[in-house]
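Everything on this sheet refers to the single structure shown next.
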Amino acid sequence: MKYRHTQIGWTTLIALCIGLALMLFVFGSMTRLSIPPMGFVALIAFFAALIAVFSSLTTEVDDDEFRAKFGVFGWPGKSAELTDIAGVVPTRLSPTSGWGIRITTRGWLFNVSGRGAVIVGLVSGKQFLIGTDEPEKLADAINQALGRAPIFTFIRGAGIMPE
């Protein structure tokens, strides 16, 4: 393993735990539940699943592949063979980019917390963003693992002009 780092999504984790606690308090203080008991159990299970999935994001670089995996189950995630990666640059996300998995103007974003990220440009011309609290280290690890000079002209929105 050339690089492995797990970022805890403290903001996401705290927000989901507060939401779960608030839901437990509200429904627990009601004298008569407005939803059936199984619906209440389903809501608790839903919040618990969100906490398990979006509590962390682990990024890994080995000799052949880059992977980003959410939470305790490693799903959902994103991976790319190193031969398919043109280059990677660190970037800063807009405050409106948010967390979770979503589409942005610069490609799909996978993020648990914060505004640091890397843009992974593929030789196909596509790209995606991975949120991390170590954007420079992750970009360096992937670019060094490529075994060749990275090609940054494939990356849109990175602030790098083609030569």
Side-chain angles (χ1 to χ4, degrees), residues 1-20 44-163:
M1 187 74 49
K2 295 182 181 238
Y3 176 90
R4 186 174 203 279
H5 175 69
T6 299
Q7 177 185 8
I8 305 296
W10 290 112
T11 307
T12 305
L13 192 57
I14 290 168
L16 288 171
C17 286
I18 288 171
L20 179 59
I44 292 172
F46 177 71
F47 267 86
L50 285 176
I51 290 168
V53 170
F54 293 109
S55 61
S56 65
L57 180 64
T58 300
T59 50
E60 300 174 338
V61 180
D62 61 24
D63 291 329
D64 303 315
E65 188 178 37
F66 163 69
R67 290 176 296 282
K69 303 181 291 188
F70 278 100
V72 296
F73 306 115
W75 181 89
K78 182 72 175 169
S79 64
E81 297 289 325
L82 293 180
T83 55
D84 295 334
I85 297 175
V88 179
V89 294
T91 190
R92 187 147 172 85
L93 299 170
S94 157
T96 59
S97 293
W99 303 308
I101 302 170
R102 59 189 66 240
I103 189 73
T104 70
T105 58
R106 299 189 287 174
W108 281 97
L109 168 66
F110 301 79
N111 190 19
V112 292
S113 187
R115 294 181 55 201
V118 295
I119 303 174
V120 180
L122 304 176
V123 294
S124 67
K126 294 182 179 180
Q127 65 185 37
F128 58 90
L129 293 94
I130 303 293
T132 178
D133 54 350
E134 296 184 346
E136 291 82 11
K137 285 183 182 179
L138 179 56
D140 288 345
I142 297 171
N143 286 330
Q144 289 173 8
L146 294 177
R148 58 174 164 69
I151 306 165
F152 299 120
T153 55
F154 285 96
I155 301 172
R156 298 179 321 276
I160 298 173
M161 298 301 295
E163 296 176 6

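Here the structure is a predicted model, which means the values were calculated and not measured.
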| message | Taking Ser97's backbone N and O only, do any of them form a donor-acceptor pair with Arg102's side chain (distance below 3.5 Å, no angle check)? | response | yes
In short, Ile155 meets Gly87 closest at the heavy-atom pair CD1-O, 3.3 Å
CD1 of Ile130 to CD1 of Ile119, rounded to nearest 0.5 Å, is 11.5 Å
- Task: Take the angle between the ring planes of Phe54 and Phe70 and call it parallel below 30°, perpendicular above 60°, tilted in between.
- Result: perpendicular
query = Any sub-3.5 Å donor-acceptor pair from Thr12's side-chain atoms to Val112's backbone N or O?
reply = yes
* Side chains of Leu138 and Phe66: closer than 4.5 Å at any heavy-atom pair? -> yes
For Asn111 and Gly98, the nearest pair of non-hydrogen atoms, with its separation, is ND2-O, 3.4 Å
Evaluate Ile51 against Cys17 for side-chain contact (heavy atoms from CB on, under 4.5 Å), listing each step before the verdict.
CA-CA 7 Å; Ile51 290 168; Cys17 286; 3.9 Å; yes
Heavy atoms of Leu13 and Ser55 approach each other most closely as CD1-CB, 3.7 Å
> Are side-chain heavy atoms of Leu82 and Leu146 found at a separation under 4.5 Å?
Replying inline: yes
_Backbone of Leu93 reached by a side-chain donor or acceptor of Arg115 within 3.5 Å_ = yes
All heavy atoms of Gly107 vs all of Thr104, minimum pair found to be O-OG1, 2.7 Å
Residues Phe110 and Gly77: closest non-hydrogen pair is CE2-O, 4.2 Å
The reported gap from OG1 in Thr59 to NZ in Lys78 (rounded to nearest 0.5 angstrom) is 15.5 Å
Any donor-acceptor N/O pair, Asn143 side chain to Val88 backbone, under 3.5 Å:
yes
Minimal heavy-atom distance between Ser113 and Gly9, with the atoms involved, is CB-CA, 3.7 Å
- Message: Between Val120 and Ile85, is there a side-chain heavy-atom distance shorter than 4.5 Å?
- Response: yes
For this session: Indicate yes or no for a side-chain donor-acceptor contact from Arg106 to the backbone of Gln127 under 3.5 Å, with no hydrogens or angles considered.
Result: no
So, do Ile8 and Asp133 sit near enough that their side-chain heavy atoms are less than 4.5 Å apart? no
Rounded to the nearest 0.5 Å, the CD1 atom of Ile101 sits from the CH2 atom of Trp108 at a distance of 8.0 Å
CG (Asp84) and CD (Glu65) are apart, to the nearest 0.5 Å, by 9.5 Å
- Query: If you measure from the Lys or Arg side-chain nitrogens to the Asp or Glu carboxylate oxygens, is any gap between Arg67 and Asp62 under 4.0 Å?
  - Reply: yes
Are any non-hydrogen side-chain atoms of Lys126 and Phe128 less than 4.5 angstrom apart? no
